Amino acid sequence: MSNNLLAGKVGIISGALNEDSIAWKVALKAYEQGARFVLTNAPLAMRMGEINKLAEQCEALIIPADATSMEDLEKLFSGAQEHLGGKLDFVLHSIGMSANIRKGKHYGELNYEWFQKTLDVSALSFHKMLAVAEKQDAFNEWGSAVALSYIAAQRAFLDYTDMSQAKAVLESIARSYGQRLGKLKKVRVNTISQSPTKTTAGTGISGFNAFYDYADKLSPLGNAPAEACADYCISLFSDLTRYVTMQNLMHDGGFSTTGISEEIVEAITQYSAE
């Protein structure tokens with residue numbers, strides 16, 4: 001249902017790979033709420049995904065960009081402003097990649113070149129986006145930049161390995177750049193710490209299904225679905241959250257503040273009995 005929350009607003013949405021992607025759902029919701037935007041992803045991800053289908057549904061231009069390349073990002077932001085006819089109101093950073101996770105490296109045997117690539121793709125790319133936007137004066141006042149994070153930035157989770165550090169850096173960048181862009185242009189910068197979500201990236205982590213079920217049993221509201229995360233992103237793009245900035249916002253059904261639940265006690269009790 002549309003309330004025209006984003007009527008007249010324009011932006012950039014990165015990271016939509018397929019229908020399971022949170023960014024894909026954000027794009028559909030943003031379009032439904034009256035926004036116009038440019039879609040972007042890395043050329044390799046675009047070949048693997050279905051972004052052309054999304055672009056047709058949302059009447060959106062696609063501008064390929066490697067988010068680690070300043071040159072590509074400069075072309076992305078200038079091209080988006082040219083196509084959309086003005087400065088931007090919102091940017092979604094939904095980008096993450098770890099070769100160490102993909103190749104099953106445990107935390108004690110990380111490949112450090114891959115580790116640096118994880119940091120560059122998953123975190124520093126957010127700084128690069130915001131730096132390019134600042135240099136081009138690409139944001140309208142009261143604009144909003146949102147990046148997707150995960151609670152592993154604060155807690156240790158097996159098999160999340162170097163992505164834990166990447167998410168911690170991502171959240172730190174949001175705070176530091178949020179202070180800077182807030183002073184310069186009243187632009188808000190936030191991260192959303194989402195429940196484990198069955199995206200292509202999420203399900204690639206070893207033991208994901210077991211942890212997904214655990215988080216669902218622990219959270220009083222259950223795991224927050226991707227569609228609800230998209231709604232939260234829309235609220236942060238809108239004028240309803242003008243004074244929310246430099247925050248890491250938990251969107252996890254209460255997981256982050258729950259010690260134990262009845263469902264977990266019952267599961268452990270049953271396991272012990274067996």
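Values in this document were obtained by computation on a predicted structure and should not be read as measured data.
Put simply, Val187 and Val244 are part of two different groups of oily side chains (I, L, V, M, F, W, Y) that touch within less than 4.5 Å, one to the next. Under the 4.5 Å side-chain contact rule for hydrophobic residues, Val132 and Leu170 share a cluster. Linking Ile, Leu, Val, Met, Phe, Trp and Tyr whenever their side-chain heavy atoms come within less than 4.5 Å leaves Tyr107 and Phe211 in two separate clusters. Using a 4.5 Å cut-off between side-chain heavy atoms of Ile, Leu, Val, Met, Phe, Trp and Tyr, with links allowed through other members, Val10 and Leu61 fall into the same hydrophobic cluster. Ile173 and Leu236 fall into different hydrophobic clusters, where Ile, Leu, Val, Met, Phe, Trp and Tyr residues are linked whenever their side-chain heavy atoms come under 4.5 Å apart, directly or through other members.
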- Intermediate values then yes/no, side chain to side chain contact (heavy atoms under 4.5 Å, CB included), Leu76 and Asp72: CA-CA 6 Å; Leu76 168 64; Asp72 279 13; over 6 Å; no
- Message: side chain to side chain contact (heavy atoms under 4.5 Å, CB included) for Phe255 and Leu221? Distances and angles first, verdict last.
- Response: CA-CA 8 Å; Phe255 175 86; Leu221 300 179; over 6 Å; no
- Task: For salt bridge (Lys or Arg N to Asp or Glu O under 4.0 Å), just list the numbers for Asp120 and Lys128, CA-CA rounded to whole Å, side-chain angles, deciding distance to a tenth of an Å, and then say yes or no.
- Result: CA-CA 9 Å; Asp120 199 13; Lys128 291 176 181 179; 2.9 Å; yes
- Task: Decide salt bridge (Lys or Arg N to Asp or Glu O under 4.0 Å) for Glu71 and Lys75; before the verdict, give the C-alpha distance in whole Å, the side-chain angles of both, and the deciding distance to 0.1 Å.
- Result: CA-CA 6 Å; Glu71 182 180 354; Lys75 291 178 181 176; 3.5 Å; yes
- Message: Show, in sequence, the C-alpha distance, side-chain angles and deciding distance for Lys105 and Asp162, and conclude whether the salt bridge (Lys or Arg N to Asp or Glu O under 4.0 Å) test is met.
- Response: CA-CA 10 Å; Lys105 294 284 189 181; Asp162 56 353; over 6 Å; no
- Task: Report the C-alpha distance between Thr68 and Leu124 in whole Å, list the side-chain angles of each, state the deciding distance to 0.1 Å, and finish with yes or no for side chain to side chain contact (heavy atoms under 4.5 Å, CB included).
- Result: CA-CA 7 Å; Thr68 67; Leu124 299 185; over 6 Å; no
- Val189 vs Leu130, side chain to side chain contact (heavy atoms under 4.5 Å, CB included): CA-CA, chis, key distance, verdict: CA-CA 9 Å; Val189 185; Leu130 297 176; 4.1 Å; yes
- Message: Evaluate Arg180 against Glu134 for salt bridge (Lys or Arg N to Asp or Glu O under 4.0 Å), listing each step before the verdict.
- Response: CA-CA 10 Å; Arg180 181 174 179 81; Glu134 180 188 344; 2.8 Å; yes
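In this structure, Tyr177 has its ring center at least 6.0 angstrom away from the ring center of Phe126. When ring centroids are compared, Trp142 and Phe90 stay outside the 6.0 Å threshold.
Residues Val38 and Leu84 meet the side-chain proximity criterion, which asks for heavy atoms closer than 4.5 Å. The shortest distance between side-chain heavy atoms of Ile260 and Val265 falls below 4.5 Å. Using a 4.5 Å cut-off on side-chain heavy atoms (C-beta onward), Met129 and Met70 make no contact. In this structure, the side chains of Thr197 and Pro225 stay at 4.5 Å or more apart for every pair of heavy atoms. In this structure, Phe139 and Val91 have side chains that are in contact, with non-hydrogen atoms separated by less than 4.5 Å. Side-chain contact check for Trp24 versus Lys53: some heavy-atom pair is nearer than 4.5 Å. Between Leu148 and Ile22 there is a side-chain heavy-atom pair separated by less than 4.5 Å. At least one side-chain heavy atom of Cys233 sits less than 4.5 Å from a side-chain heavy atom of Leu92.
With Arg188 contributing its side chain and Met246 its backbone, the two residues share no donor-acceptor pair below 3.5 Å. The closest donor-acceptor contact from the side chain of Ser219 to the backbone of Gly254 lies at 3.5 Å or more, if one exists at all. The backbone N or O of Leu5 sits nowhere less than 3.5 Å from a side-chain atom of Asn3 that would complete a donor-acceptor pair. Listed for the Ser125 side chain is no donor-acceptor partner under 3.5 Å among the backbone atoms of Ala67. In terms of modelled atom types and a separation under 3.5 Å, the side chain of Asn41 and the main chain of Ala16 share a donor-acceptor contact. Using modelled atom types, no side-chain atom of Asn4 and backbone atom of Ala7 make a donor-acceptor pair closer than 3.5 Å. Within the 3.5 Å criterion, the main-chain N or O of Ser94 finds a donor-acceptor partner in the side chain of Ser14. A donor-acceptor distance shorter than 3.5 angstrom exists from the side chain of Asp252 to the backbone of Ser256, with no hydrogens or angles considered. Using a distance-only test at 3.5 Å, with no hydrogens or angles considered, a donor-acceptor pair links the side chain of Ser21 to the main chain of Asn18. A distance-only check finds no donor-acceptor pair linking the side chain of Gln33 to the backbone of Ile234 [under 3.5 Å].
Scanning all heavy atoms of the two residues, the minimum distance from Glu227 to Lys29 falls at O-CE, 3.8 Å. The shortest heavy-atom contact between Ala23 and Ile13 is O-CG2, 3.8 Å. Nearest heavy-atom pair, Asp89 versus Gly8, reported as atom, atom and distance to 0.1 Å: OD2-O, 4.0 Å. Closest non-hydrogen pair, Ala224 versus Ser195, comes out as N-OG, 2.9 Å. Taking each heavy atom of Ser122 and Met97 in turn, the nearest pair found is OG-N, 3.0 Å. Annotation for Gly79 and Ile63: closest pair C-CD1, 3.7 Å, computed over non-hydrogen atoms.
Atoms CE and CG, from Met163 and Leu119 in turn, are 9.5 Å apart once rounded to the nearest 0.5 Å. With rounding to the nearest 0.5 angstrom, the NE2 atom of His83 is 10.0 Å from the CZ atom of Phe37. The distance from atom OG of Ser238 to atom CG of Leu6, rounded to the nearest 0.5 Å, is 6.5 Å. The distance from atom OG of Ser272 to atom CD1 of Ile268, rounded to the nearest 0.5 Å, is 7.0 Å. Rounding to the nearest 0.5 Å places NZ of Lys185 at 6.5 Å from CD of Glu141. Note that CG of Asn190 is 5.0 Å distant from OG1 of Thr245, once rounded to the nearest 0.5 Å.
Counting only N and O atoms by type, the side chains of Thr161 and His106 include no donor and acceptor under 3.5 Å apart. For the residue pair Ser98/Asn100, the side-chain donor-acceptor check at 3.5 Å is not satisfied. Residues Ser78 and Gln81 have side chains that never bring a donor and an acceptor to within less than 3.5 angstrom of each other.
Residues Asp239 and Lys9 are paired through a salt bridge, judged by an N-O separation under 4.0 Å between the basic side chain and the carboxylate. With respect to Lys217 and Glu266, no salt bridge is recorded, no charged nitrogen being found less than 4.0 Å from a carboxylate O.
Shown are Gln57, Arg36, Glu59; of these, the side-chain hydrogen bond (donor to acceptor under 3.5 Å, both in side chains) with Tyr31 is made only by Glu59. When each of Lys167, Glu171, Gln194 is checked for a side-chain hydrogen bond (donor to acceptor under 3.5 Å, both in side chains) with Ser149, only Glu171 meets the rule.
The cationic group of Lys198 lies under 6.0 Å from the six-membered ring centre of Tyr212 and within 45° of the ring axis, placing it in a cation-pi geometry.
A 6.0 Å sphere centred on CD of Glu263 holds more than 12 heavy atoms belonging to other residues, nucleotides or ligands.
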